Amino acid sequence: MKSVLITGITGQDGSYLAELLLEQGYEIYGMIRRLSTPNLSRIEHILEKIELIEGDLTDQSSINNALKKSQPNEVYNLAAQSFVATSWNQPVLTGDVTGLGTVRILEGVRHVCPDARFYQASSSEMFGKVNETPQNENTMFYPRSPYGFAKLYAHWACINYRESYGMHSSNGILFNHESPRRGIEFVTRKITDAVARIYHGAAKELRLGNLEAKRDWGYAGDYVKAMWLMLQQKEPDDYVVATGRTHSVGEFAELAFREAGLDWKKYVKTDAKFIRPAEVNLLLGDASKARRVLGWEPEVTFEELVKMMVREDLKRYEK
Ligand code: NAP
Ligand code: F7E
């Protein structure tokens with residue numbers, strides 16, 4: 001039986017990836033950090049089928065211990081300080097976890113299990129102030145936040161370990177992907193959660209920042225399949241994963257409110273507090289390489305995604 005170590009298993013993507021790999025028959029180990037209150041809600045339903053090991057991306061010995069204990073054939077590094085807005089308030093921590101943390105785990109793999117295949121959660125945020133549209137694997141990087149430049153450092157570390165040590169390490173340059181399990185502070189989930197609260201009379205308005213920013217939004221359940229496919233290839237490589245469609249934050253809000261029979265213009269207010277020091281205005285991915293080499297296709301459309309998220313949040317508040 002193949003064994004796998006997932007960092008960030010308690011996060012959105014970690015939970016979907018764990019479900020996918022359970023279906024594929026993997027023995028699953030997840031690295032989790034110690035918190036005063038455990039945060040296992042996204043993996044509660046599979047807890048009996050997986051093994052959790054305590055560890056933190058800022059602590060080399062705990063990473064090495066997790067690798068020794070799991071003896072993985074595949075390692076998925078999904079852990080990160082992943083919220084872009086927070087990265088301006090905690091730039092050093094973001095660099096430590098999201099950037100250096102990747103080097104720590106690459107070092108661990110190199111010493112403990114050099115034959116393990118490695119996946120790095122790279123990000124479209126590395127394109128930042130884009131110099132061409134759509135963005136592909138050859139598009140120039142121009143990160144616009146401490147999160148973006150930490151991810152860029154990790155991205156190049158992954159390539160360098162491939163070239164220096166012959167490691168099977170691949171970068172998935174994933175564009176925004178969402179789901180009903182998305183963290184509540186990200187804009188899509190912030191909107192669908194507010195729609196549900198407003199619908200049930202628990203809130204009167206929704207305050208947002210830049211409504212003009214455009215993102216290529218896909219469904220997380222589709223995107224974890226691309227991660228797995230990358231590690232099934234003979235050769236390691238880097239791939240853009242995206243839908244090829246882009247929408248503004250305003251368009252997302254309009255559709256989400258409409259799904260609950262509400263007019264977004266009556267409830268959405270703009271608030272300078274949510275405007276970022278530097279913005280990524282437009283992301284649109286060209287995933288033709290992933291289509292061609294991995295045979296990967298997104299299945300859930302933008303409209304289906306919005307509907308799914310609104311319905312799940314409405315249900316949650318009904319309960
Ligand atoms: P997420 O929901 O924020 O999950 C992040 C995970 O990292 C959580 O399990 C978190 O643990 C863990 N973590 C944070 N700091 C840690 C530390 N110091 N040591 C160990 N674990 C730590 O993120 P996601 O949306 O699933 O994204 C997964 C990965 O893909 C991230 O690296 C993200 O940056 C990247 N990415 C995401 C997107 C997207 O649109 N979702 C796009 C491109 C790339 P706790 O539960 O304890 O907080
Ligand atoms: O912002 C705008 C905001 O926080 C999207 C992470 O998963 O994807 C994610 O990063 C856009 C930005 O995601 C609000 O200014 C307006 O333009 O949902 P977000 P993100 O920054 O794109 C990338 C690919 C990752 O790798 C990251 O880990 O929405 N926006 N008003 C707002 N954003 C938030 N959060 N809150 C607002 O009120």
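Predicted model, so just to flag it, every value in this text is computed and none were measured. Numbers for residues simply follow the sequence, beginning at 1. One-based numbering, in listed order, for ligands and for the atoms of each.
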Please could you name the atoms of ligand 2 that [X] approaches to less than 4.0 Å, counting only its heavy atoms?
X	value
E279	3 (C), 12 (C), 15 (O), 17 (O)
V84	10 (O), 21 (O)
A213	17 (O)
Y147	25 (C), 26 (O), 27 (C), 28 (O)
S123	23 (C), 24 (C), 25 (C), 26 (O)
V249	2 (C), 29 (O)
N210	16 (C), 31 (N)
G209	14 (C), 16 (C), 31 (N), 38 (O)

Against heavy atoms of [X], which atoms of ligand 1 measure under 4.0 Å?
X	result
S122	43 (C), 44 (C)
R182	25 (O), 39 (C), 40 (O), 41 (N)
L57	17 (C), 18 (N), 19 (N), 20 (C)
N176	40 (O)
Y147	33 (C), 34 (O), 35 (C), 36 (N), 44 (C)
A121	29 (C), 30 (O), 32 (O), 35 (C)
G11	2 (O), 4 (O), 8 (C), 9 (O), 26 (O)

In the protein, which heavy atom is nearest to [atom], and how far is it?
atom	result
atom 8 (O) of ligand 2	N176 ND2, 3.1 Å
atom 38 (O) of ligand 2	K190 NZ, 2.7 Å
atom 43 (C) of ligand 1	L174 O, 3.1 Å
atom 35 (N) of ligand 2	E185 O, 3.0 Å
atom 28 (C) of ligand 1	L78 O, 3.4 Å
atom 5 (C) of ligand 1	A80 O, 3.8 Å
atom 5 (C) of ligand 2	V187 CG1, 3.8 Å
atom 38 (C) of ligand 1	H177 CE1, 3.2 Å
atom 26 (O) of ligand 1	D13 N, 2.8 Å
atom 12 (C) of ligand 2	R215 NH2, 3.4 Å
atom 4 (O) of ligand 2	R276 NH2, 2.8 Å

With only distance considered, is [X] within less than 3.5 Å of ligand 1 through an N or O on each side?
X	value
D56	yes
S123	no
T10	yes
S82	yes
L35	no

Determine whether the side chain, the backbone, both or neither of [X] has a heavy atom under 4.0 Å from any heavy atom of ligand 2.
X	value
F186	both
K151	neither
R182	side chain

What do we get for [X] next to ligand 1 when only non-hydrogen atoms under 4.0 Å count, side chain, backbone, both or neither?
X	value
K151	side chain
N77	neither
Q12	both

- Query: If you look at every heavy atom in G209 and T270, which pair is closest and at what distance?
  - Reply: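 In this case the closest contact between G209 and T270 is O-CG2, 3.7 Å.
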- Message: On a heavy-atom basis, which atom in L20 and which in K225 lie closest, and how many Å separate them?
- Response: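 Taking L20 first and K225 second, the nearest heavy atoms are CD2-CA, 3.9 Å.
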- Message: Before we go on, tell me: are the rings of Y223 and W296 under 6.0 Å apart, centre to centre?
- Response: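 Close enough - the centres of the two rings lie under 6.0 Å apart.
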- Task: Answer yes or no for R182 and F186: cation-pi contact, defined as NZ/CZ to six-membered ring centre under 6.0 Å and angle to ring axis within 45°.
- Result: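 Verdict for F186: a cation-pi partner in R182.
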- Between E132 and F127, is any pair of side-chain heavy atoms under 4.5 Å apart?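 A side-chain contact under 4.5 Å is absent here.
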